[in-house]
Enquirer: 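Could you have a look at this structure, given as structure tokens, before my questions?
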There are 4 protein chains.
Amino acid sequence: MKQRAIADEDKQARRDSLLAAARSLYLEDTRQLPAVSRIAEAAGLAKGTVYLYFQTKEEIFTALLDQEFSALLDRLTEHFLTASGTPWERVNLFLEFYAKYLQEHPEFLRLAAMANSVLEQNLAQDHVYNFKLQLAQRLERTGNALESALSVLETGSGARLMVRTYALTLGLWQLLDYPDAMREVMMRPALRLLAPDFATELTSALKQFWRGVLADQ
Amino acid sequence: MKQRAIADEDKQARRDSLLAAARSLYLEDTRQLPAVSRIAEAAGLAKGTVYLYFQTKEEIFTALLDQEFSALLDRLTEHFLTASGTPWERVNLFLEFYAKYLQEHPEFLRLAAMANSVLEQNLAQDHVYNFKLQLAQRLERTGNALESALSVLETGSGARLMVRTYALTLGLWQLLDYPDAMREVMMRPALRLLAPDFATELTSALKQFWRGVLADQ
Amino acid sequence: MKQRAIADEDKQARRDSLLAAARSLYLEDTRQLPAVSRIAEAAGLAKGTVYLYFQTKEEIFTALLDQEFSALLDRLTEHFLTASGTPWERVNLFLEFYAKYLQEHPEFLRLAAMANSVLEQNLAQDHVYNFKLQLAQRLERTGNALESALSVLETGSGARLMVRTYALTLGLWQLLDYPDAMREVMMRPALRLLAPDFATELTSALKQFWRGVLADQ
Amino acid sequence: MKQRAIADEDKQARRDSLLAAARSLYLEDTRQLPAVSRIAEAAGLAKGTVYLYFQTKEEIFTALLDQEFSALLDRLTEHFLTASGTPWERVNLFLEFYAKYLQEHPEFLRLAAMANSVLEQNLAQDHVYNFKLQLAQRLERTGNALESALSVLETGSGARLMVRTYALTLGLWQLLDYPDAMREVMMRPALRLLAPDFATELTSALKQFWRGVLADQ
DNA sequence: TATGAATGAGGTTTCATTCAT
DNA sequence: TATGAATGAAACCTCATTCAT
């Protein structure tokens with residue numbers, strides 16, 4: 001039996017180790033959430049113990065997604081704060097940075113794609129609320145940085161642009177993603193439309209969108 | 001309905017009645033796919049019979065989604081073919097029509113949001129392929145109609161614009177959707193960003209995107 | 001649709017073609033009875049049609065086993081009627097002939113091993129009775145031939161000796177038989193006892209038994 | 001019985017209680033294996049729990065048969081170790097003891113008759129191997145005791161004699177067994193050959209066989 | 001707090017048998 | 001007679017969650 005985590009910091013550490021185990025297992029196969037028993041095992045704990053730290057399995061992955069969102073939006077905020085050049089140059093730099101980040105963190109969009117359909121499904125309202133609140137606040141913050149970076153934006157519109165940018169990203173991902181095993185079959189000409197390189201297509205689509213944004217102002 | 005579906009048309013009718021039962025049950029609670037046994041029961045058939053028509057539960061809902069896509073894209077194609085006015089007027093009419101359609105078919109986006117994360121998971125590669133192929137072909141067709149409607153588009157770009165339009169729609173929906181039970185809590189100011197009226201926000205975002213598209217040409 | 005079998009001889013022919021199909025499929029994998037649908041398919045008929053000729057699946061294979069018994073016992077009877085030499089020589093010749101026959105008809109004992117545990121289980125009493133009756137009559141006949149061949153036997157004991165000989169055969173088969181896939185593992189020394197060559201062990205065991213029989217007289 | 005079987009001995013007890021439930025249900029109707037759900041119910045457990053202790057239904061009954069074999073062969077070993085008299089007297093005592101035991105445990109041979117045809121069919125090779133290994137080892141042990149009891153046997157021949165004795169038993173049982181419902185019909189003279197009292201016929205046949213064995217030495 | 005046995009729902013699968021056509 | 005769609009029972013299986021220890 002594992003040593004009991006009694007102090008708050010011990011509990012937090014145990015929670016973190018469960019999240020780390022979950023992330024690690026999820027990365028092995030991002031097509032499905034790993035079983036709780038495997039997460040427990042990977043963390044060196046018993047299955048029941050997981051439920052002392054998370055109320056449901058989905059809560060684990062929502063917490064994970066929350067971490068990922070936090071990391072991404074922090075990076076973007078930071079990026080915006082150091083941007084320079086004309087608005088369009090800044091947009092281009094941002095989109096490059098963004099696409100590169102997503103490419104380096106393939107787990108993010110896969111997990112995010114489950115947020116609405118899988119994760120929020122078996123989650124207490126409370127947790128859905130908290131998750132959305134965190135996300136909204138982070139988007140606001142990043143939106144503000146975006147506004148500073150692109151002085152042409154109307155006050156208050158930055159966060160909404162972040163929402164739309166992310167929405168387009170998420171939707172494109174879901175349309176264009178396919179399992180590795182289908183790589184070959186996706187090469188057929190008839191599927192050209194749904195099989196372009198994600199990063200390329202994303203950048204192209206977002207540029208088109210941002211052209212509209214800047215035209216708005 | 002015949003007791004035994006022997007003619008091909010009877011079989012198709014039976015298949016459709018299973019899809020109708022599945023749709024009806026799904027609408028009762030769009031947060032999860034209904035059990036196969038309930039679908040069978042709702043269609044007045046034995047569980048085993050369902051598996052004569054569909055290999056897995058996911059196949060049922062993929063077929064349903066396929067129907068929904070078909071209906072939507074047929075309507076859009078039709079709409080494009082009768083459009084008139086300046087390009088921007090035509091875009092506005094299209095977006096209004098589109099947003100209205102989605103509002104009247106709330107099951108569509110909920111189901112579509114599962115396509116990547118839930119439905120394709122337990123589906124033979126074959127079926128995923130066929131589903132994607134159908135979708136691609138329909139998008140091509142609608143894209144062509146779009147090109148005719150908006151003479152300013154480059155040849156071949158219509159389908160890609162459809163993909164991006166749909167992607168933005170799907171992503172926005174996932175970010176803005178929440179269970180009915182959370183309506184009250186979503187009204188809090190801190191969540192304003194993630195709780196606007198979907199149709200309004202969708203129209204606004206798509207207009208912004210299409211502004212970019214037209215600016216491109 | 002197949003031509004209807006109306007004349008009795010047509011019906012018998014159809015029944016025989018089903019038996020032939022069943023035998024052929026059974027030989028492909030003697031570890032389990034083939035599905036009725038496969039038998040029907042192999043005979044070029046529909047599944048339901050099989051049930052016009054046999055009441056249950058087991059009835060098919062009982063009929064098959066009946067054929068096999070008939071063939072075996074006819075051969076043995078014939079063999080006994082032409083035997084010569086001392087009683088012990090005749091026994092040895094018989095056992096050699098018998099073991100060789102079984103080796104050349106591996107389906108027989110596999111099917112026979114199912115008679116009690118599988119076939120009779122789902123069979124109308126009527127059919128079990130008829131099957132047993134046929135078997136008993138054939139054993140009597142062969143037993144009589146055996147008595148003629150071995151003049152030393154008491155009148156009436158031939159059939160019982162046939163029963164016992166067959167019982168020892170059947171039991172040995174079940175103890176020593178194993179799936180092909182286990183061949184390698186059965187070679188381990190610890191399993192030597194249950195993995196000798198069946199024909200060799202059968203001959204040895206039956207000689208021992210028949211030594212007792214002749215000692216009795 | 002504890003509510004949760006945590007200690008190894010509790011687990012063994014639970015496993016045994018499942019086996020007891022299986023045996024009890026099997027005795028109600030030895031023509032077929034009871035459903036797993038009924039076994040679970042009879043043991044006061046959920047169906048899923050059964051699968052914590054056994055991987056398949058067949059494994060349950062193989063384990064049961066293993067127990068039965070163990071009990072029988074232990075009793076025989078014990079019997080041999082206390083035998084006295086001339087070899088032939090010892091054989092007679094053994095056969096009486098053996099026939100009586102089988103008569104008192106009617107489930108044994110019914111279950112044993114399924115070993116080859118039903119039980120091993122849906123069993124992992126591993127389990128078949130283990131079952132055979134156990135059986136072989138027990139037969140060796142009993143065979144050794146038999147050699148001690150009958151000093152006239154060649155060293156190493158005891159286990160093989162046990163195999164043959166058991167084979168004759170199993171085969172005879174399958175030929176002579178019939179469902180209770182057929183008792184009346186089996187009385188008809190034409191079936192005399194296949195309807196003698198099993199215990200009597202077994203003893204007679206085995207005596208004949210053992211006469212041959214002793215003649216061999 | 002920690003454990004892991006127990007639960008139980010439900011998806012998947014197979015197939016002998018029935019029965020409307 | 002012939003068909004094959006429909007049935008329904010059960011095995012098989014997985015796994016999130018609960019709860020006695």
Side-chain angles (χ1 to χ4, degrees), chain A residues 1-6 10-11 14 32-41 44-60 122, chain B residues 2-7 10-11 14 32-40 44-58 122, chain C residues 1-6 10-11 14 32-41 44-58 60 122, chain D residues 2-7 10-11 14 32-38 40 44-58 122:
Chain A
M1 182 185 308
K2 267 283 161 100
Q3 187 128 27
R4 285 164 185 249
I6 297 184
D10 292 342
K11 289 192 202 172
R14 188 139 293 180
Q32 57 190 314
L33 302 183
V36 171
S37 59
R38 293 191 64 217
I39 298 173
E41 192 185 14
L45 293 170
K47 198 161 39 154
T49 308
V50 175
Y51 287 86
L52 297 176
Y53 294 91
F54 299 93
Q55 283 178 28
T56 66
K57 171 170 140 164
E58 283 73 20
E59 204 187 310
I60 302 174
N122 189 22
Chain B
K2 299 258 184 67
Q3 269 175 319
R4 266 154 212 249
I6 293 180
D10 292 341
K11 285 194 205 172
R14 181 135 295 180
Q32 56 190 311
L33 302 182
V36 170
S37 57
R38 292 190 64 218
I39 297 173
L45 295 170
K47 189 166 60 163
T49 308
V50 176
Y51 285 93
L52 293 179
Y53 288 91
F54 300 95
Q55 284 178 20
T56 66
K57 178 164 95 155
E58 283 71 20
N122 189 25
Chain C
M1 183 185 307
K2 266 283 158 102
Q3 187 128 27
R4 286 166 184 248
I6 296 183
D10 292 341
K11 289 193 204 172
R14 190 140 292 182
Q32 57 190 314
L33 302 182
V36 170
S37 59
R38 293 191 63 218
I39 297 173
E41 193 186 12
L45 294 169
K47 197 161 39 154
T49 309
V50 175
Y51 286 86
L52 297 176
Y53 294 90
F54 298 94
Q55 284 178 27
T56 66
K57 171 170 140 164
E58 283 73 19
I60 302 173
N122 190 23
Chain D
K2 296 264 185 62
Q3 269 175 318
R4 268 158 209 246
I6 293 180
D10 293 339
K11 286 194 205 170
R14 181 134 295 180
Q32 57 189 312
L33 301 182
V36 170
S37 58
R38 292 190 66 217
L45 295 170
K47 189 169 59 164
T49 308
V50 176
Y51 286 93
L52 293 179
Y53 290 90
F54 300 95
Q55 284 178 21
T56 66
K57 179 164 95 155
E58 282 73 19
N122 188 24

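Chain naming here is simple, since letters A, B, ... match the order of the sequence lines and numbering starts at 1 in each.
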Enquirer: Pick the nucleotide of DNA chain F nearest each of C:V50 and A:T56; which residue has the one closer to the 5' end?
Expert: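 Result: C:V50.
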Enquirer: Rounded to the nearest 0.5 Å, what separates atom CG in C:N122 from atom CD in C:Q55?
Expert: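 Answer for the CG-CD pair, C:N122 versus C:Q55, is 10.5 Å.
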Enquirer: Students often get this wrong, so: under 4.0 angstrom with heavy atoms, is C:E41 touching a base, only sugar-phosphate, or nothing?
Expert: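 If one applies the 4.0 Å heavy-atom cut-off, C:E41 turns out to touch nothing in the nucleic acid.
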Enquirer: With rounding to the nearest 0.5 Å, note down the distance linking CD in B:E58 to CG in B:L33.
Expert: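 Here the rounded value is 6.5 Å.
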Enquirer: To the nearest Å, how far apart are A:I60 CD1 and F:dT17 C1'?
Expert: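 Checked: the CD1 to C1' distance equals 12 Å.
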Enquirer: Would you please confirm or rule out a distance under 4.0 Å between OP1 or OP2 of F:dA2 and any side-chain N or O of C:R14?
Expert: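 For F:dA2, OP1/OP2 do have a side-chain N/O of C:R14 under 4.0 Å.
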Enquirer: Do you know which two heavy atoms are closest between A:A40 and A:V50, and how far apart they sit?
Expert: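 Closest pair (atom of A:A40, atom of A:V50, distance): CB-CG2, 3.6 Å.
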Enquirer: Return whichever of B:R38 or D:G44 has its heavy-atom-nearest nucleotide of DNA chain E closer to the 5' end.
Expert: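 Checking each residue's closest nucleotide, the 5'-ward one belongs to D:G44.
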Enquirer: Could you state the atom-to-atom distance from CD1 of D:I6 to P of F:dC19 in whole Å?
Expert: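 Rounded to whole Å, this separation is 15 Å.
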Enquirer: A:E58 CD to F:dA16 C1': how many Å, rounded?
Expert: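 Computing the A:E58:CD to F:dA16:C1' distance gives 8 Å.
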Enquirer: Taking donor-acceptor contacts at under 3.5 Å, does the side chain of B:R4 reach the base of E:dA20?
Expert: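 Result: no qualifying N/O pair found.
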Enquirer: Between E:dT17 and C:K57, counting only base atoms on the nucleotide and side-chain atoms on the residue, is there a donor-acceptor pair under 3.5 Å?
Expert: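 Under the 3.5 Å cut-off, the side chain and the base do not form any donor-acceptor pair.
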Enquirer: Please give, in whole Å, the distance from F:dT3 P to B:K11 NZ?
Expert: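 Rounded to the whole Å, the gap is 15 Å.
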Enquirer: Taking 4.0 Å as the cut-off, does a side-chain nitrogen or oxygen of D:T49 come that near to OP1 or OP2 on E:dT7?
Expert: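 Result: yes.
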Enquirer: Quick check for you: to the nearest 0.5 Å, what is the distance between D:L45 atom CG and D:Y51 atom OH?
Expert: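 Those atoms lie 13.5 Å apart.
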Enquirer: Please give, in whole Å, the distance from E:dC15 C1' to C:N122 CG?
Expert: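 C:N122 atom CG is separated from E:dC15 atom C1' by 12 Å.
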Enquirer: If you measure from CZ on A:R14 to CG on A:L52, what distance do you get to the nearest 0.5 Å?
Expert: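 Reported value, rounded in 0.5 Å steps: 10.0 Å.
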Enquirer: Taking the side chain of C:Y53 as heavy atoms from C-beta outward, which of F:dT7, F:dT1, F:dA16 is closest to it?
Expert: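 Nucleotide nearest to C:Y53's side chain: F:dT1.
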Enquirer: Rounding to an integer number of Å, can you tell me how far A:F54 CZ sits from F:dT18 C1'?
Expert: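 It works out to 18 Å between those atoms.
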Enquirer: Can you tell me how far the CZ atom of A:F54 sits from the CD1 atom of A:I39, to the nearest 0.5 Å?
Expert: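 Separation between the atoms: 9.0 Å.
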Enquirer: D:L33 CG to F:dA9 P: how many Å, rounded?
Expert: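 Taking CG of D:L33 and P of F:dA9, I get 19 Å after rounding.
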Enquirer: With both distances under 3.5 angstrom, what nucleotide forms a Watson-Crick or G-U wobble pair with E:dA20?
Expert: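 Pair assignment: E:dA20 / F:dT3.
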Enquirer: Mind checking if A:A40 touches a base, just sugar-phosphate, or nothing, with heavy atoms under 4.0 Å?
Expert: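 Contact class for A:A40: none.
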Enquirer: Judged by each residue's nearest nucleotide on DNA chain E, which is more toward the 5′ side, B:V36 or A:A5?
Expert: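 Between the two, 5'-proximity favours A:A5.
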Enquirer: Does D:K47 contact E:dT7 through a side-chain donor or acceptor facing the base, at a distance under 3.5 Å?
Expert: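 No, the side chain and the base share no sub-3.5 Å donor-acceptor pair.
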Enquirer: Closest to the C:A46 side chain: F:dC13, F:dA11, F:dT3?
Expert: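 Among the listed nucleotides, the one closest to the side chain of C:A46 is F:dT3.
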Enquirer: Does F:dC12 have its OP1 or OP2 closer than 4.0 Å to a side-chain nitrogen or oxygen of D:Y51?
Expert: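 Yes, such a contact exists.
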Enquirer: Go through E:dT3, E:dG11, F:dT1 for me and flag the one nearest to the A:L52 side chain.
Expert: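 Of E:dT3, E:dG11, F:dT1, E:dT3 is nearest to the side chain of A:L52.
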Enquirer: Describe the nucleic acid contact of B:Q32 in one word from base, sugar-phosphate, nothing, applying a heavy-atom distance below 4.0 Å.
Expert: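 If one applies the 4.0 Å heavy-atom cut-off, B:Q32 turns out to touch nothing in the nucleic acid.
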